[in-house]
Structure formats: C-alpha cells, structure tokens
Amino acid sequence: MTADDSFDRLEDDDYPAYTMGRAAEMIGATQGFLRAIGEARLITPLRSEGGHRRYSRYQLRIAARARELVDHGTPIEAACRIVILEDQLEEAQRINAEHRRAAESANPTAAA
C-alpha cells in the first residue's frame, strides 16, 4: 500500500484511524467509557496488529452520542440501546427514501 492509498482511506468513515487515547480525547470521554460501550456491544473497535483498539469516525460519532446521553443521566446500557435504535431508524429512513426515489423514477406520472 502506498502513502497515497493510506491517505485516501482516512476519508473513509469506516477506516479505523484513531487510537483509543485519541478517540477518547476527541469525544471528551475516558478510555474506560470506550471500553464500557465496547462491552455493551455498542461499538466493536478493530484491533491493530499489536492488539490495540482502533476506532473509525463513524464509531466516534456513535460513541459521542452515547456520551451525551450518559452525561444527561441515562444509564450506559440504556444509552447504548437508544443509540442503536436511533441508528436503525436512520438506516430504515435512508432505505425508505431510496425506495421512494426509485418508485418515482420508475413511474414519474404517479408522483405528479
């Protein structure tokens, strides 16, 4: 892999570019918090060849939302469940919008 390939991967929301320490710093949480949401199966960090946890930007957004809920008094297990449900809802809405666009392009007179 060339340096250019590695740089391009940094634009990928799913690329595990951040160490645990950096990830915790970025979302304003502790490393223990990241471990806890990992144990609750909210996110599963990838592991480097040396076994160190690595987080993607997508995972950091999920972790930041969980931290926000916990900061407002929601127990961590409930916060994780809420974030999972929010993520599932967002995905379902995205799929519905795709189906709606496909149906409208297949039958443009019905939408008018």
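Between atom CG of residue L60 and atom CZ of residue R22 there is a gap of 9.5 Å, rounded to the nearest 0.5 Å. Between atom CG of residue D14 and atom CZ of residue R57 there is a gap of 9.5 Å, rounded to the nearest 0.5 Å. Rounding to the nearest 0.5 Å gives a distance of 9.5 Å between NE2 of H52 and CZ of R47.
Residues H72 and E68 approach most closely at ND1-O, 2.8 Å, considering heavy atoms. Of all non-hydrogen atoms in Y55 and P45, the two that sit nearest each other are CE2-CB, 3.5 Å.
When the shell of 6.0 Å around CD of E90 is examined, it contains 12 or fewer heavy atoms from other residues, nucleotides or ligands. Heavy-atom contacts from other residues, nucleotides or ligands closer than 6.0 Å to CZ of R94 number more than 12.
Q59 places a side-chain N or O within donor-acceptor distance of the main-chain N or O of S56, the cut-off being under 3.5 Å. Judged purely by atom type and a 3.5 angstrom limit, R67 uses its side chain to pair as donor or acceptor with the backbone of I27.
The hydrophobic cluster containing L34 also contains M26, counting ILVMFWY residues as joined when their side-chain heavy atoms lie under 4.5 angstrom apart, directly or transitively.
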- Message: If you apply the rule side chain to side chain contact (heavy atoms under 4.5 Å, CB included), what do you find for D13 with R61, and how did you get there?
- Response: CA-CA 10 Å; D13 263 1; R61 283 194 301 273; 2.7 Å; yes

- Task: Would you sort out whether M20 and R35 count as a side chain to side chain contact (heavy atoms under 4.5 Å, CB included), showing the intermediate values?
- Result: CA-CA 9 Å; M20 177 181 268; R35 283 187 204 94; 3.7 Å; yes

- Task: Dump the intermediate steps for salt bridge (Lys or Arg N to Asp or Glu O under 4.0 Å) on E104 and R101, then the final yes or no.
- Result: CA-CA 5 Å; E104 288 171 358; R101 282 190 297 273; over 6 Å; no

- Task: Go through the steps for R54 and T19 under the test side chain to side chain contact (heavy atoms under 4.5 Å, CB included), then give the verdict.
- Result: CA-CA 5 Å; R54 299 287 182 170; T19 63; 2.8 Å; yes

In a table with atom names and distances, give each donor-acceptor pair under 3.5 Å that connects a side chain of residues 73-87 to protein atoms at least two apart or in another chain.
{"unit_1": "T74", "atom_1": "OG1", "unit_2": "L69", "atom_2": "O", "d": "3.2"}
{"unit_1": "E86", "atom_1": "OE1", "unit_2": "R65", "atom_2": "NE", "d": "3.0"}
{"unit_1": "E86", "atom_1": "OE2", "unit_2": "R65", "atom_2": "NH2", "d": "2.9"}
{"unit_1": "D87", "atom_1": "OD1", "unit_2": "Y58", "atom_2": "OH", "d": "3.0"}
{"unit_1": "D87", "atom_1": "OD2", "unit_2": "Y58", "atom_2": "OH", "d": "2.5"}

